[in-house]
Structures are given as structure tokens and as C-alpha cells.
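Worth saying up front: this structure is predicted, and the values here are computed from it rather than measured. By convention in this document, chain letters (A, B, ...) are assigned in the order of the sequence lines, proteins followed by strands, and residues within each chain are numbered from 1.
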Number of protein chains: 2
Amino acid sequence: MAQTSKKPPRTPASAARRRAPLDRLLDPELFRALGDPTRLLLLACLCKCARECTVSEVGGCCDVDLSVVSRHLATLERAGAVRSRREGRTVFYAASFDHLTTSLRSLADALDDCARCRTPGCNC
Amino acid sequence: MAQTSKKPPRTPASAARRRAPLDRLLDPELFRALGDPTRLLLLACLCKCARECTVSEVGGCCDVDLSVVSRHLATLERAGAVRSRREGRTVFYAASFDHLTTSLRSLADALDDCARCRTPGCNC
DNA sequence: GCAATACTTGCACGATGGCACAAACGAGCA
DNA sequence: TGCTCGTTTGTGCCATCGTGCAAGTATTGC
């Protein structure tokens, strides 16, 4: 796609950090996992809960079958949104705050770069 | 349930932004729109393109029917990821950098608050 | 061993989503 | 007016998704 160079490329202070390319940060799996209302409800529950929660506990926040909760949590874990820890017969889930915030901010940074960069042919 | 009296200290950067509750920021529509590989391809194309692009131009970046591109762009616009402008019979699309980065960073901030807040029952 | 608990997996079903193709729409132009 | 071009909408097909129910697995307690 043709690109013009109307504005000269600006160099923000944050550009000192090394950036990942935009394509790598636009991860369909993470967004897909966050694209379901029930899953978001479960994630929000885990976020607000000030501790690790069992599958049954998380399931208490929405009115779906426990098997559905189990599957949704597995999906969220595959996407890196939550992490799990097994202890005997119970599984504890917790929000992966670090991974989530890092992913979101890295993407925001990459988008900022793209918005500022006016170099023709630059892949950001 | 809602405890708003005591909040943990925030970093200066995050404190500068006004906070919305986590639930409001976990928008299924935006994430759902970003959850499809083809749509992400179109969005990435728009991001890297240093100008507004027509539907046909954006469609050039992936191998799907133009009608599909049109629908995908409409979906992205409904989610606030892109914006459009009609000029005669052509429609120009551009990435909504501001909206995207604001959404992502606000969510990251809210998640940070949640992660720091260890008050049981707090709704962050 | 046996039962209870905590969770996962198999399965069926309806809903939704992505896609291509064709047709329609609407603006510009001869 | 009729034509072309850029885009949208209608339609049908097929794959995937979300869900509940039932059965299975694994661990704990009696």
C-alpha cells in the first residue's frame, strides 16, 4: 500500500525503548478470549477478587454451568489472561495482571509509534 | 460491597488519567472485533498506512472478497477501532489511534489498580 | 474400599460468524 | 439517460462457538 511522507517522523521520548512490531502484538487469540461477555465476567471476577479463586467460586459470579466456567477459564488461560495452580483436587485461578497490562501497553505503544511515524514503507 | 474510601497509592503516570471501573472498560464488542485474524490484518494495514485508505485499498492487503472487507471495516468502526469518511462514492477509513490507545491504557490502568488493591470486596 | 468433592471431557444442539457470489445502491460522468 | 466505479446488502453455505447435561477422572475423607 502506498504511503506518503507529509509529516516528518517525530521521535517521542518513549521511543528510546525497543518496540515489538505491531503485527506481533495484534494477537487474535487474546482478543478472541476477551471477546465473550461471560468470559469477561469471569475475568472481572478474578481481577476484583483479592486472592486466587477456585473454579466453583468464580462460577458463582455468573449463571452458567460449572462445565462452561471450566472451559472459559481454560480458554482465558490459553490466551494468557489468567493462570492456574492445582492443589489437590481444587484448581486455583488468578488474573495474569502482568501479562495483561504488558500486552495492552505494548500494543498501545506500538499504535502510538504507528500514528507518529510517517516514513513511507516503514513497517513500524 | 463498594469500598471507595481507601485506595492504594498510584503511580504518577496512571494517576494522571481519570479512572473508569473495570467492568466498563472490559468491552466485549471491541475485543470481539479485534478477535478475528482477517480484521486484525485490515486494522494493521490501516495503522501502517500513513493516510486514509479506501475500502478497495485496504482490501488489497488480504485475499478476501471486497464485500467481506466492507463488512469487517464496518465491524471495526462499530467497535471504535477505525473511523470512516465518505467522499462522493468512495469511503475513506483510518485507524482510530486515539480511541484504541486510550481504551487499552485505561484498561491497563484499571487492571493495575485491581492488582494493587487487596481490599476484599472492593469493586475497584 | 467406598463415597463425596472438585473439576474436566464427551456430546448434542442452536446460534453466530466468516465467507463468496450476486445483486443493489449511489455518485460521477459522457 | 445510460454507463461505470466504489461500496454495501442479500443470500446461502459451512465451520466454529457457547451452552447444558451427563459421564468420566482425580483427589480427599470416612
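For B:Ser67 against C:dC21, a side-chain-to-base donor-acceptor contact under 3.5 Å is present.
B:Arg71 has no side-chain polar atom (N or O) that falls below the 4.0 Å cut-off from OP1 or OP2 of D:dT7. For C:dC19, the OP1/OP2 oxygens have a side-chain nitrogen or oxygen of B:Thr38 closer than 4.0 Å. Look at B:His72 and you'll find a side-chain N or O under 4.0 angstrom from OP1 or OP2 of C:dC19.
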Using the rule given for salt bridge (Lys or Arg N to Asp or Glu O under 4.0 Å), can you reason through A:Arg32 versus A:Asp27, listing the C-alpha separation, both sets of side-chain angles and the distance that settles it, and then say yes or no?
CA-CA 9 Å; A:Arg32 189 161 196 80; A:Asp27 175 27; over 6 Å; no

Test salt bridge (Lys or Arg N to Asp or Glu O under 4.0 Å) on B:Arg71 and B:Asp65; report intermediate values, then the result.
CA-CA 10 Å; B:Arg71 265 186 266 252; B:Asp65 196 86; over 6 Å; no

Take A:Arg105 and B:Asp112, measure what salt bridge (Lys or Arg N to Asp or Glu O under 4.0 Å) needs, and give me the verdict at the end.
CA-CA 11 Å; A:Arg105 292 208 173 96; B:Asp112 272 343; 2.8 Å; yes

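For the pair A:Leu40 CG and D:dC17 C1', the interatomic distance rounds to 15 Å; values are reported in whole Å. Whole-Å rounding puts the A:Asp65 CG to C:dT9 P distance at 15 Å. Between the C1' atom of C:dT16 and the CZ atom of A:Arg39 lies a distance of 13 Å, rounded to the nearest Å. To the nearest angstrom, P of C:dT8 lies 9 Å from CD of A:Glu77. Atom CG of A:Asp36 and atom P of D:dT16 are 18 Å apart (whole Å).
Remark on DNA chain C: of its neighbouring residues A:Leu66 and A:Arg32, the 5'-side contact belongs to A:Leu66, judged by nearest-heavy-atom nucleotide. Projected onto DNA chain D by closest heavy-atom contact, A:Asp63 and B:Leu73 fall at different nucleotides, the more 5' of which corresponds to B:Leu73.
Only B:Gly88, B:Arg89, listed by number, bring a heavy atom of residues 79-93 of chain B to less than 4.0 angstrom from any atom of DNA chain C.
With hydrophobic clusters built from ILVMFWY side chains whose heavy atoms lie under 4.5 angstrom apart, B:Leu41 does not share a cluster with B:Leu43.
Checking each of B:Cys61, B:Cys53, B:Ser96 against B:Leu46 for a side chain to side chain contact (heavy atoms under 4.5 Å, CB included) leaves exactly one that passes, namely B:Cys53.
Not one N or O on the side chain of B:His72 forms a donor-acceptor pair closer than 3.5 Å with the backbone of B:Arg39.
Nearest heavy atom pair, residue B:Leu104 against residue A:Ala108, reads CD1-N, 4.0 Å.
Among the protein residues, A:Val55 comes within range of the sugar-phosphate backbone only, with heavy atoms under 4.0 Å from sugar or phosphate atoms but none that close to a base.
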